[in-house]
Amino acid sequence: MKRIVLAGIIALVGVFATQTSFAQVQIGIRGGANWGFASKPEYLGSLTPAFHSSVGPTGALFLDIPLSDRVSFRPEVAYVQKGVAIKEGFDLNLGGFTLPLGATIAYQSQHIEVPLLFKVNLTDGAVQPYLIAGPAVSYALDGRIRTRASALFTTRPYDVDVNYGGMVNRWDVGAVGGLGLSMDAGTGKFFIEGRYTQGFTRQLQVPVVNVNVRNRGVALSLGYSFPIGY
């Protein structure tokens, strides 16, 4: 894991060292929401409840470093809330009156993530659709299991901290792919962007049993970038 992070840093330094004559480097910020969910091991089938998305905030600072007229390197330092939710419920018949009862249990983890992305502008001009893709490494700062019950009203959440270092993995290595649309706005660019992240690291390390639970996420962000010079 440390070798992957080091390789990313070396690649970033190398790009800075070779950057010479293309358009100006941009610095930017983005923020939005991430709908986190997780893969479910096939052998569990109907034995366990379905996994649902757990929505949370995401945001990042990034550089956009041109490599050619349409291709750029975009390293980021991001915050993202990942996780998954399980929802269960049933209707209680009270003499002709039906009372819906339910509970939601959500695993929510707060990550610092470093995506190393390549961006490809599909057209020239003031409005530019673009594609992004590349690897990402993230580290969970902390996590919680949040439980809510519902009937006629929803209860206050009850949180239990996650104990990392045992069966729950802090690290996650994955891939990011997405598309966006940028528009000239003054000296910089305003953009809207959607992305999908697929984790490759098993999040649960259970002895003997291969529990194939991996993070996934769909994020929607708004942002702004502006040139900082050569």
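All values below come from the heavy atoms of this structure, side chains included, with hydrogens, waters and symmetry mates left out. Quick caveat, the model's predicted, so the values are computed rather than measured.
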Please tell me if the side chains of [X] and [Y] come closer than 4.5 Å, counting only heavy atoms from C-beta onward.
X: Leu117; Y: Phe62; value: no
X: Val213; Y: Arg202; value: no
X: Phe118; Y: Phe73; value: yes
X: Asp142; Y: Val162; value: no
X: Val84; Y: Ser54; value: no
X: Val218; Y: Phe37; value: yes

Applying the 4.5 Å side-chain criterion to the ILVMFWY set and letting contacts propagate, would [X] and [Y] be lumped into a single cluster?
X: Ile112; Y: Phe200; result: no
X: Leu181; Y: Val120; result: yes
X: Ile132; Y: Leu179; result: no
X: Met183; Y: Phe226; result: yes
X: Trp171; Y: Val80; result: no

For residues 122-131, which side-chain donor-acceptor pairs fall under 3.5 Å, sequence neighbours excluded?
residue	atom	partner	partner atom	Å
Asp124	OD1	Arg70	NE	3.4
Asp124	OD2	Arg70	NH2	3.2
Tyr130	OH	Glu193	OE1	2.7

Nearest 0.5 Å, please: how far is [atom2] in [Y] from [atom1] in [X]?
X: Ser72; Y: Leu67; atom1: OG; atom2: CG; answer: 6.5 Å
X: Tyr224; Y: Gln26; atom1: OH; atom2: CD; answer: 8.5 Å
X: Ile29; Y: Leu222; atom1: CD1; atom2: CG; answer: 12.0 Å
X: Arg156; Y: Asp159; atom1: CZ; atom2: CG; answer: 10.0 Å
X: Asp69; Y: Asn121; atom1: CG; atom2: CG; answer: 10.0 Å

Taking [Y]'s backbone N and O only, do any of them form a donor-acceptor pair with [X]'s side chain (distance below 3.5 Å, no angle check)?
X: Thr201; Y: Val173; value: yes
X: Asp172; Y: Ser138; value: no
X: Thr58; Y: Tyr79; value: yes
X: Arg170; Y: Leu141; value: yes

**Report entry** Full working for side chain to side chain contact (heavy atoms under 4.5 Å, CB included) between Ile145 and Ile105
**Finding:** CA-CA 7 Å; Ile145 304 295; Ile105 302 174; 3.7 Å; yes
Requested in this report: Please test Val114 against Tyr139 for side chain to side chain contact (heavy atoms under 4.5 Å, CB included), starting from the C-alpha separation and ending with a verdict.
Outcome: CA-CA 9 Å; Val114 181; Tyr139 179 81; over 6 Å; no
Requested in this report: Under the salt bridge (charged side-chain N to carboxylate O under 4.0 Å, His left out) rule, collect the residues that match up with Glu113, sequence neighbours excluded.
Outcome: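 For Glu113, the residues satisfying salt bridge (charged side-chain N to carboxylate O under 4.0 Å, His left out) (neighbours in sequence not counted) are Lys82.
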Requested in this report: Would you please test Leu63 and Ile228 for side chain to side chain contact (heavy atoms under 4.5 Å, CB included) and show each step?
Outcome: CA-CA 10 Å; Leu63 294 176; Ile228 57 175; 4.3 Å; yes
Taking all heavy atoms of [X] and all of [Y], pick out the closest pair and write down the distance.
X: Ala60; Y: Ala78; value: CB-CB, 3.6 Å
X: Pro227; Y: Gly188; value: CD-CA, 4.4 Å
X: Ala219; Y: Asn34; value: CB-OD1, 3.6 Å
X: Gln24; Y: Pro66; value: O-CG, 3.7 Å

Query raised in the report: Are any of the side-chain nitrogens in Asp64 or Arg74 under 4.0 Å away from the carboxylate oxygens of its partner?
Result: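 Between Arg74 and Asp64 there is no salt bridge, as every charged N stays at least 4.0 Å from the carboxylate O atoms.
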Query raised in the report: If you draw a 6.0 Å radius around OH in Tyr158, do more than 12 non-hydrogen atoms from other residues or ligands fall strictly inside?
Result: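 No, because the 6.0 Å sphere around OH of Tyr158 holds 12 heavy atoms or fewer from other groups.
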Query raised in the report: Does Leu220 have any side-chain contact (heavy atoms from CB on, under 4.5 Å) partners at least two apart in sequence or in another chain, and if so, which?
Result: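 Trp35, Ile192.
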